[in-house]
Amino acid sequence: MKHLLKLMDLSQQEIIEILNLADQLKYEKKNGIEHHILKGKTLGLIFEKSSTRTRVSFEVGMYDLGGNALFLSSRDLQIGRGEPVQDTARVLSRYLDGIMIRTFAQEEVEDLAKYGSIPIINGLTDYCHPCQVLADLMTIREHKGILAGKKLCYIGDGNNMTNSLIVGGIKMGMTVSVACPKGYEPDAELMKWANENGTFICTDNVFEAAKDADVLYTDVWASMGQEAEAEARKKIFKSYQINSEVMAVAHSDAMVMHCLPAHRGEEITEDVLEAHANEIFDEAENRLHAQKAVLVKCMAK
Ligand code: CP
Ligand code: NVA
């Protein structure tokens, strides 16, 4: 595996290998076993948007693997002043051994990979969030024992998270249902692919999507970059919330997941979040282990 630009680029077998390695690295870290597989290597972390989990888990992950991480805010880089991505890619390829980038356009991530000569990892774009969904699949497998055949229901905005959950879930043989208001559906091409390659529904009816779900997932109503729409979205998304009524139609042992940060009282109620905090914070922890697996797959010789 050279890059992680989006989950669509990975085969089911490659996803399974990442999840297996992530499980192994998690077990070994808990038991004090270290692997300095990336000794002497440096990963650049380019952030054009805020982050808590992605930044910290990549920095700690590189440290755990014996390498270095370099935090590069676009506020300080020349890319933030308009230096073309083609040039940035070629320059950074001369210093670094890999780049993780969080930005707006998916095209920018694809261009870094096209013009650079080092592994590129997508740390979130407006289109997708592959690192998050690898950690999510790892967490579901940990809690449920298996992915294939389980029903994953996403409630809320058809955003970057939804796009990656659809691809990751369908590739792993899960049934995927999405409930979102009309006009806020996930990417149309991805929905077409999901219909052709697995069991998928997209509806504006929350209860239809959540019925018999094994996993209920949500994310913020307004993503980074949509701050100006936040107030209007509160009205549009009002009923697209994980709450006790929605939980009641899912399986009695259904998991609840959230990529975080969460807005209590908006996409999820305080009581549901706190009742499922164990799953949600396992999910956050697993960012570290899943990304270490990705780093090893992309950057180790
Ligand atoms: N879930 C996630 O990517 O969190 P951050 O925005 O804090 O990195
Ligand atoms: N959809 C959210 C995810 C944050 C991890 C956003 O893009 O802001």
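Whatever order the structure lists ligands and atoms in, that order sets their numbers, starting from 1.
- For the residue pair Glu28 / His35, a side-chain donor-acceptor distance below 3.5 Å is found, with atom types taken as modelled.
- Applying the 4.0 Å criterion to heavy atoms of Leu260 picks out, from ligand 1, the atoms 1 (N), 2 (C), 4 (O).
- Arg287 is not listed as a side-chain neighbour of Val56, based on a closest heavy-atom distance of 4.5 Å or more.
- At the shortest separation from atom 7 (O) of ligand 1 among protein heavy atoms lies Thr52 N, 2.7 Å.
- In terms of polar-atom proximity, Arg102 is not counted as a contact of ligand 2, lacking any N or O under 3.5 Å from an N or O of the ligand.
- When the options His258, Met224, Met161 are ranked by their closest heavy atom to atom 8 (O) of ligand 2, first place goes to Met224.
- Using a 4.0 Å heavy-atom cutoff, Asp126 is absent from the residues neighbouring ligand 2.
- Interface atoms of ligand 1 facing His129, defined by a heavy-atom separation under 4.0 Å, are 2 (C), 3 (O).
- What sits closest to atom 2 (C) of ligand 1 on the protein, heavy atoms only, is Arg287 NH1, 3.3 Å.
- If you check which protein heavy atom lies closest to atom 7 (O) of ligand 2, you get Asn160 ND2, 2.8 Å.
- Salt bridge Glu285/Lys30: present, at least one basic N to carboxylate O contact under 4.0 Å.
- Against a heavy-atom cut-off of under 4.0 Å, Leu260 is close to the following atoms of ligand 2: 5 (C).
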What's the verdict on side-chain contact (heavy atoms from CB on, under 4.5 Å) for Glu110 and Glu107, showing C-alpha distance, side-chain angles and the deciding distance?
CA-CA 5 Å; Glu110 307 268 349; Glu107 196 186 5; 5.6 Å; no

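- The shortest side-chain heavy-atom distance between Lys238 and Lys235 does not fall under the 4.5 Å cut-off.
- For the ligand labelled ligand 1, residue Arg55 lies outside the 4.0 Å heavy-atom shell.
- Heavy-atom distances between Leu124 and ligand 1 stay at or above 4.0 Å for every pair.
- Listed by atom number, the atoms of ligand 1 under 4.0 Å from Arg102 heavy atoms are 2 (C), 3 (O), 5 (P), 6 (O), 8 (O).
- Under the 30°/60° scheme for interplanar angles, the aromatic rings of Trp221 and Phe237 are found to lie parallel.
- Residue Ser223 has at least one N or O atom closer than 3.5 Å to an N or O atom of ligand 2.
- Within a 6.0 Å radius of NZ in Lys2, other residues, nucleotides and ligands contribute more than 12 heavy atoms.
- His143 and Asp282 share a side-chain donor-acceptor pair at under 3.5 Å.
- Contact between Lys49 and ligand 1 is absent, with no heavy atom of the residue lying under 4.0 Å from the ligand.
- From the protein, the heavy atom lying nearest to atom 4 (O) of ligand 1 is Arg53 NE, 2.8 Å.
- Between Thr54 and Met100, the closest side-chain pair of non-hydrogen atoms falls below 4.5 Å.
- In this structure, Leu137 and Leu147 have side chains that are in contact, with non-hydrogen atoms separated by less than 4.5 Å.
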